[in-house]
Protein chains: 2
Amino acid sequence: MTPRILLPEHLIRTSLIRGITVDTPMTNPVSEQAFLAQYNIHDFDVPLTTVDMAIFTLREKRLEVLLVKRAQHPAQGKWALPGGFIQLGQDHSLEDAAHRKLLEKTGVASPYLEQVMTVGNAKRDPRGWSVTVVYFALIASDSLRIQPDESSEQVAWVPVKEALENYGLAFDHQTLLATCHARLKSKVLYTALPVHLLPDAFTLTDLQQVFEILLDQPVEKKAFRRRILDAGILEETGGMRTGQSRPAKLYRVSDKQQAHCFPRNIEGPR
Amino acid sequence: MTPRILLPEHLIRTSLIRGITVDTPMTNPVSEQAFLAQYNIHDFDVPLTTVDMAIFTLREKRLEVLLVKRAQHPAQGKWALPGGFIQLGQDHSLEDAAHRKLLEKTGVASPYLEQVMTVGNAKRDPRGWSVTVVYFALIASDSLRIQPDESSEQVAWVPVKEALENYGLAFDHQTLLATCHARLKSKVLYTALPVHLLPDAFTLTDLQQVFEILLDQPVEKKAFRRRILDAGILEETGGMRTGQSRPAKLYRVSDKQQAHCFPRNIEGPR
DNA sequence: TATGTTAGTGTGATAGTGCCACTATATTAG
DNA sequence: CTAATATAGTGGCACTATCACACTAACATA
């Protein structure tokens, strides 16, 4: 039952601070400056820390997620959520790291981005104790341009159902993806999150269809329109979309930062 | 504008894997075993990783949070949320680490524990790039026994309002606490979370009072009772609480793991 | 037995939703 | 030009969980 090579015992160092004696805590005579000068993070055992993302988009009336085929060990050749280490010199924050990953993979600069959870334990990565901070992003498929990564990894949009069922994702990424998907679906019940899967201008029918795809069940037209319009989160662009029939008003999100929460869940058919 | 001593430039190492050449990704000839044998986490720059907790309880009809006076640098002498490094050899997972912290500080073994968020950036800790995974816990005040920590830190229960306003918490802990508090308050609108702040057996009036404290506004009795009872998350213990007046039925939570979500928010007075 | 106090209920109003038939306005076929 | 088709958008009632508040119930104590 020790399937993986972990860090050898002798590499597990203590977490006590080397060279500093703490006699009576509150009268520690060492100044903070002196303390920090002596402090070296490499004296400690720290977990691996990564950022992973579930990047969702809508293509051909299906919810799809971006997967990456791992070019390197571990889990070489397996599909995985895009992600990787934080670049301490470059990323100012976790969100920075997530934005960077997203830009690298999709060319999208300002998506909807939400932190979902952080998973950390000794077993999830064969390299040792590892922590991953997981985000999900929503982007409009019209805004993305897949570009062959400089690391020339294989990248693909995969329907979420398939990714969960048939892709044998690396590490615990199936669980991570399932959690992201569950979070997305649950938020559809009481927010207007799906607007972020649409282009800047869209019709109410477009939006309703997105809800129906995400909820995987029909949504009643009138109730839906009332709910969305009364919330005051959209504004008319002034334009109309013409087609084979009566033209439809185009809307845009009035404040992309604002995340409206409805006081009730969508109930669905009774 | 460089107020703190950070890691000297020469300590910032590259994130490339030493001694392994990746020529064509998918035909990497090194086996996973060989890869892992060569892998040493100390070759990389990794952030500091900690777990911090907002441990809430109810004392004298106020919501209070556990604070710890820091015995060591950095931020020595300041009040902070309890937390600390993950013990890689001991904690199997982040939740383990959180449970350990909680047990150390309060003696409570099985509280309600929820991950709130993870904050990571280069500035929040003077020791360098750091990540903290933040949890909140709810415990019943009757179940806790504060024990002087072995590190003999000063520990105190502080009303949340005071902690946020007058305590000048260490690092970014004021923000962390504020976010935990906001999360708790928002979940009170659509869950029965406050049951975890009560002892095993309680009356509906007890529970209503907790809601009123957390929401900071009155709650209508009949509507509240129907809401809670119809949800089917409580069961009668069979016992009654007697007092100066009509005895009240005692209830317990029927399934502590189950987190019921109501289809509507508590609306409060109109 | 009366009174105070808290537990618990009966019942109508309110508001956001579901439901469904209806009208409105465009394109396209004849 | 007219009718058919198709989708956009509305009117209006039903439903349900809530709010509101007055009421009854049960116990302790004087």
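Letters A, B, ... are given to chains in the order of the sequence lines, protein chains preceding strands, and every chain is numbered from 1. Since this is a predicted model, take the numbers as computed values, not measurements.
OP1 and OP2 of dA15(C) both lie 4.0 Å or more from every side-chain N or O belonging to Arg264(A). Listed pair Gln244(A) / dT5(D) fails the phosphate criterion, with no side-chain N or O lying under 4.0 Å from OP1 or OP2.
One interatomic measurement links the two molecules: CG of Leu215(B) to C1' of dC19(D), which rounds to 15 Å at whole-angstrom precision. Leu189(A) has its CG atom 18 Å from the P atom of dG16(C), to the nearest Å. Rounded to whole Å, the distance from CG on Leu207(B) to P on dA7(C) is 13 Å. The distance from atom CD of Glu220(B) to atom C1' of dT14(C) is 13 Å, rounded to the nearest whole Å. Nucleotide dT10(D) holds its C1' atom 9 Å from the CZ atom of Arg225(A), rounded to whole Å.
At a cut-off of 3.5 Å, with distance as the only test, a side-chain donor of Glu95(B) or Tyr135(B) sits close to an acceptor on the other residue. Between the side chains of Ser130(B) and Arg124(B), at least one donor N or O sits under 3.5 Å from an acceptor N or O. Side-chain atoms of Arg59(B) and Ser141(B) form no donor-acceptor pair, as typed in the model, at a separation below 3.5 Å. When only modelled atom types and interatomic distance are considered, Thr175(B) and Asp172(B) share no side-chain donor-acceptor pair under 3.5 Å.
Counting any heavy atom pair closer than 4.0 Å across all strands shown, Glu267(B) reaches sugar-phosphate atoms only and no base atom. Across all strands, Arg227(B) comes closer than 4.0 Å only to sugar-phosphate atoms, never to a base (heavy-atom distances). Among the heavy atoms of the strands lying under 4.0 Å from Lys222(A) is at least one base atom, whether or not backbone atoms are also near.
Remark: Asp142(A) CG is packed, more than 12 non-hydrogen atoms of other residues, nucleotides or ligands lying under 6.0 Å away.
Helix bend of the helix from dT1(C)-dA30(D) to dG30(C)-dC1(D): the angle between its two end axes, each built from five pairs, comes to 10° after rounding to 10°.
Between the base of dA6(D) and the side chain of Arg246(A) there is no donor-acceptor pair shorter than 3.5 Å. On a pure distance criterion of 3.5 Å, no polar donor-acceptor pair joins the side chain of Arg226(A) and the base of dG9(D).
Ring-centre distance between Phe211(B) and Phe224(B): below the 6.0 Å cut-off.
The residue among Ala223(B) and Thr205(A) whose nearest nucleotide of DNA chain D is located toward the 5' end is Thr205(A). Comparing Asn265(B) and Lys221(B) against DNA chain D, the residue whose closest nucleotide sits nearer the 5' end is Asn265(B).
Using a 4.0 Å cut-off between charged side-chain N and carboxylate O, Glu104(B) and Arg100(B) make a salt bridge.
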